[in-house]
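Heads up: the structure comes next, in structure tokens.
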Amino acid sequence: MPIDKTPEKNAILFVWFNHYAGVLIKTPSKTLVIDPVDIRARSFSNIDAVLITHEQYDHLDQRLIAEIQKATGCTIIADPASTQRLQHVIPPKKLQEIRPSEKTKVGEVSVKAEKCNHPAIAPVTYIITSEDGVKVFHTADSLPFPELAAIGEREKFDVVFCAVGIAPDTSPETGFEIARLTKPQVAVPYHTNSAAYQHKFAEILKKELPRTTCLIPELNKIYQVSKRK
Ligand SMILES: [Zn+2]
């Protein structure tokens, strides 16, 4: 899956690479990988940062992250519980803990953590803003929560990833609720191995939120999204 393509100006590329929240995001200058599991370390070559949302097995694989870090020299940004589990395998200078409402930078790309409504120790979601202002919201496997409306209003997202299955209580309906609250330009149903769930999400979205485009991703395929006009 190494992406040799680079996005156009004012755009990002993304790839969904497992049935969970595994997403690679490429901006014109940086490549970020979120929650890599179920993939080989050598699938990633030029990575600047790995972002981890929480400590559960479908999001955190310490051994894999250590391998990726060693091969690429990238920075690891993680929620507190994952940071604790990674501190023995990642050099301290390369490991950054992040909590909801904290912000950091990967070059010119900004990364902000927000709350995550999921039964884990201290989970986070991530707002990634590219150097030319494309806004991506990676909501891990969060259920909807009321603050999403204000976050959406403030950020004006281009892309929001919405969990539609596997995690406790998630469904096409809860995924849609995340889209309804955040009102992105493009909503991406993920965290599922059910195409039926993704299509159900698309159906509800089309009916209830017609101005948001549904992008049903295929695994390991590259998609480009441009900044909203
Ligand atoms: Zn999960």
Side-chain angles (χ1 to χ4, degrees), residues 1 14-25 32-41 43-44 49-68 76-86 97-100 111-128 136-145 147-148 151 157 159-179 181-182 184 187-202 214-221:
M1 194 194 54
F14 81 82
V15 177
W16 180 45
F17 57 78
N18 61 25
H19 289 290
Y20 309 112
V23 175
L24 178 149
I25 293 169
L32 283 65
V33 173
I34 304 154
D35 287 354
V37 301
D38 283 1
I39 190 160
R40 289 165 197 261
S43 303
F44 305 114
V50 173
L51 277 47
I52 305 298
T53 62
H54 60 289
E55 76 288 357
Q56 289 162 355
Y57 74 96
D58 56 333
H59 299 262
L60 173 69
D61 176 342
Q62 289 101 301
R63 189 187 290 189
L64 173 66
I65 293 168
E67 222 180 304
I68 295 172
I76 314 297
I77 299 164
D79 65 281
S82 302
T83 299
Q84 199 173 22
R85 293 181 192 193
L86 287 165
E97 183 182 272
I98 198 163
R99 292 164 189 268
V111 174
K112 186 176 190 219
E114 289 286 356
K115 174 181 159 176
C116 180
N117 178 13
H118 179 68
I121 296 172
V124 297
T125 57
Y126 286 109
I127 297 171
I128 297 151
V136 179
F137 194 14
H138 184 285
T139 66
D141 45 11
S142 185
L143 287 164
F145 53 93
E147 296 91 321
L148 287 173
I151 296 172
F157 291 116
V159 189
V160 175
F161 288 89
C162 309
V164 297
I166 301 175
D169 299 326
T170 56
S171 65
E173 287 77 14
T174 63
F176 164 72
E177 188 58 15
I178 288 179
L181 290 165
T182 55
V188 181
Y190 79 152
H191 207 280
T192 184
N193 45 28
S194 161
Y197 276 22
Q198 291 176 303
H199 285 105
K200 176 83 189 167
F201 172 93
C214 182
L215 195 167
I216 296 181
E218 270 176 53
L219 287 177
N220 301 319
K221 206 173 148 187

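Both counts, for ligands and for their atoms, begin at 1 and track the order of listing. In what follows, residues are counted from 1 in the order of the sequence shown.
Exactly one of Val164, Ile178, Leu143, Thr192 qualifies for a side-chain contact (heavy atoms from CB on, under 4.5 Å) with Thr170. That residue is Leu143. For the side-chain contact (heavy atoms from CB on, under 4.5 Å) test with Asp35, the passing option among Thr53, Ile65, Asp141, Asp61 is Thr53; the others fail.
If you put the vertex on the Zn ion (ligand 1), NE2 of His191 and OD2 of Asp141 sit 90° apart, to the nearest 10°.
Residue contacts to the Zn ion (ligand 1): Asp35 brings no N, O or S atom closer than 2.8 Å. Look at His59 and the Zn ion (ligand 1): an N/O/S atom of the residue is under 2.8 Å from the metal.
In Asp58, the N, O or S atom that comes nearest to the Zn ion (ligand 1) is OD2.
A ring-centre distance under 6.0 Å is not found for Phe14 and Tyr190.
Taking each heavy atom of His191 and Ala21 in turn, the nearest pair found is CD2-N, 3.7 Å.
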